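For reference, the structure discussed in these notes is given below.
All values derive from a computational prediction rather than experimental measurement. Numbering of residues begins at 1 and proceeds along the displayed sequence.
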Amino acid sequence: ATLPPTAGRLQRYDAELRLRVNDLDALSAATQKAMRIARSLGGYVASAAYDAPETGPGSAMLVLRVPAARVQSAIVQLSGLGTILGQRIGIEDLQGQADTIADRITALQGEIASLRRQLETPDLTDDARAQLELQRAQSRRELAELRAALEQTRTEGTLATVSVSLTTEQTARLQEQGRLERALDRAVAALAGGGIVRRRRVKDMRRQETKP
């Protein structure tokens with residue numbers, strides 16, 4: 001199951017998938033296919049690490065960026081690359097932050113325009129002109145910083161981050177744990193069944209004792 005992003009809003013969408021594959025050949029194939037999935041959806045590979053030792057389990061770690069509108073398709077396709085060991089999805093709304101930055105940019109543009117008009121006044125003193133020039137320079141720097149911040153926020157809100165962890169470890173410990181859990185379930189079921197039988201026998205004995 002995947003949580004969809006909200007249409008029409010900027011959101012930071014992060015997803016993590018942990019998958020197990022059968023062997024090193026499957027690990028290599030799954031790694032390459034994960035990269036192709038990201039590119040086919042209009043995204044790219046932000047980072048990739050691949051480890052295939054001669055002995056011991058192999059692993060790969062990829063960080064993919066895909067359009068937020070297509071992140072559900074990405075998760076579904078990536079989930080099919082192996083056995084799912086774990087999944088996490090996080091969503092943080094960025095629309096309010098983007099709106100606040102955009103409002104401040106609009107206000108700064110008005111302030112800069114006002115400072116420009118004041119600087120065009122012919123009878124300004126040197127001190128007044130210097131003060132206005134300083135204010136305009138500070139406003140321009142802040143405007144540039146806010147524009148960069150808004151662009152970054154929009155990028156974060158339109159591109160989802162999907163981290164994919166692949167391993168060949170067959171987790172014998174988990175398999176053994178599963179066998180123990182199944183054996184415990186059978187034992188509990190047997191005990192519960194025995195308790196029912198004993199209770200029934202006690203009831204039957206009581207019925208016999210009450211007969212004339």
In terms of hydrophobic clustering (I, L, V, M, F, W, Y; side-chain heavy atoms under 4.5 Å; direct or indirect links), are V63 and Y50 co-clustered?
no
On a heavy-atom basis, which atom in I75 and which in S79 lie closest, and how many Å separate them?
O-OG, 2.7 Å
Go through the steps for Q11 and T6 under the test side chain to side chain donor-acceptor pair (under 3.5 Å), then give the verdict.
CA-CA 8 Å; Q11 293 179 319; T6 302; 3.2 Å; yes
Under a 3.5 Å distance rule, please check whether S114 uses its side chain to pair with a backbone N or O of G110 as donor and acceptor.
no
Determine whether D127 and Q131 satisfy the following criterion, side chain to side chain donor-acceptor pair (under 3.5 Å), listing intermediate values before the conclusion.
CA-CA 6 Å; D127 289 343; Q131 184 65 29; over 6 Å; no
Between Q170 and V21 (side chain of the first, backbone of the second, donor and acceptor by atom type, cut-off under 3.5 Å), is there such a pair?
yes
Out of curiosity, D93 CG to R9 CZ, how far, rounded to the nearest 0.5 Å?
4.0 Å
Heavy-atom closest contact (A68 atom, P5 atom, distance):
O-CG, 3.3 Å
Between R39 and V45, is any pair of side-chain heavy atoms under 4.5 Å apart?
yes
From CA spacing to verdict: side chain to side chain contact (heavy atoms under 4.5 Å, CB included), R104, E142
CA-CA 10 Å; R104 179 55 183 160; E142 184 181 354; 3.0 Å; yes
Walk me through whether L62 and M35 qualify under side chain to side chain contact (heavy atoms under 4.5 Å, CB included).
CA-CA 8 Å; L62 302 98; M35 294 179 177; 3.7 Å; yes
Nearest heavy-atom approach of A98 to T153 is CB-CG2, 4.0 Å
I'd like to know if the side chain of S73 and the backbone of R70 have a donor-acceptor N/O pair within less than 3.5 Å.
no
Please determine whether side chain to side chain contact (heavy atoms under 4.5 Å, CB included) holds for the pair I37 and K33, giving the CA-CA distance in whole Å, both sets of side-chain angles, and the decisive distance to 0.1 Å.
CA-CA 6 Å; I37 289 172; K33 189 170 183 180; 4.2 Å; yes
Hey, what do you get for CG (D123) to CZ (R129), rounding to the nearest 0.5 Å?
9.0 Å
Report yes if the side chains of L159 and Y44 come closer than 4.5 Å at any heavy-atom pair, otherwise no.
yes
Mark yes or no for whether T125, through its side chain, and A128, through its backbone, hold a donor-acceptor pair below 3.5 Å.
yes
Side chain to side chain donor-acceptor pair (under 3.5 Å) between Q135 and S139: does it pass, once the steps are laid out?
CA-CA 6 Å; Q135 292 178 15; S139 296; over 6 Å; no
CG/L146 to CG/L108 distance, rounded to the nearest 0.5 angstrom?
6.0 Å
Tell me the closest heavy-atom pair linking P67 and G43, and the distance in Å.
CD-N, 3.9 Å
Is there a path of hydrophobic side-chain contacts, each under 4.5 Å between heavy atoms of I, L, V, M, F, W or Y residues, that connects L119 with L134?
no
Is there a path of hydrophobic side-chain contacts, each under 4.5 Å between heavy atoms of I/L/V/M/F/W/Y residues, joining M61 to L24?
no
When you group the ILVMFWY residues by side-chain heavy-atom contacts below 4.5 Å and let the links chain together, are L19 and L27 in the same group?
yes
How long is the straight-line distance from CG of L166 back to CG of D51, given to the nearest 0.5 Å?
12.5 Å
Are there over 12 heavy-atom neighbours, none belonging to Q109, within less than 6.0 Å of that residue's CD?
yes
Answer yes or no: is there a donor N or O on one side and an acceptor on the other, between the side chain of T167 and the main chain of R20, under 3.5 Å?
no
Please determine whether the number of non-hydrogen atoms from other residues, nucleotides or ligands lying under 6.0 Å from atom CG of D103 exceeds 12.
yes
Of the non-hydrogen atoms in G56 and P53, which two are nearest, and what is the gap between them?
O-CG, 3.9 Å
Verify the cluster assignment for L78 and I89: are they in a single hydrophobic cluster under the rule of side-chain heavy atoms below 4.5 Å apart?
yes
At what distance, to the nearest 0.5 angstrom, does CD of E92 lie from CG of L10?
12.0 Å
Has the side chain of T106 got a donor or acceptor atom that lies under 3.5 Å from a matching backbone atom of A102?
yes
With side chain to side chain donor-acceptor pair (under 3.5 Å) as the test, would you mind laying out the steps for T161 and R65 before giving the verdict?
CA-CA 5 Å; T161 301; R65 301 300 301 274; 3.0 Å; yes
Check this for me: does any side-chain nitrogen of one of R136 and E133 sit under 4.0 Å from a carboxylate oxygen of the other?
yes
T121 side, atom OG1; L124 side, atom CG - distance, nearest 0.5 Å
5.0 Å
For side chain to side chain contact (heavy atoms under 4.5 Å, CB included), just list the numbers for L94 and R154, CA-CA rounded to whole Å, side-chain angles, deciding distance to a tenth of an Å, and then say yes or no.
CA-CA 8 Å; L94 300 176; R154 286 174 174 168; over 6 Å; no
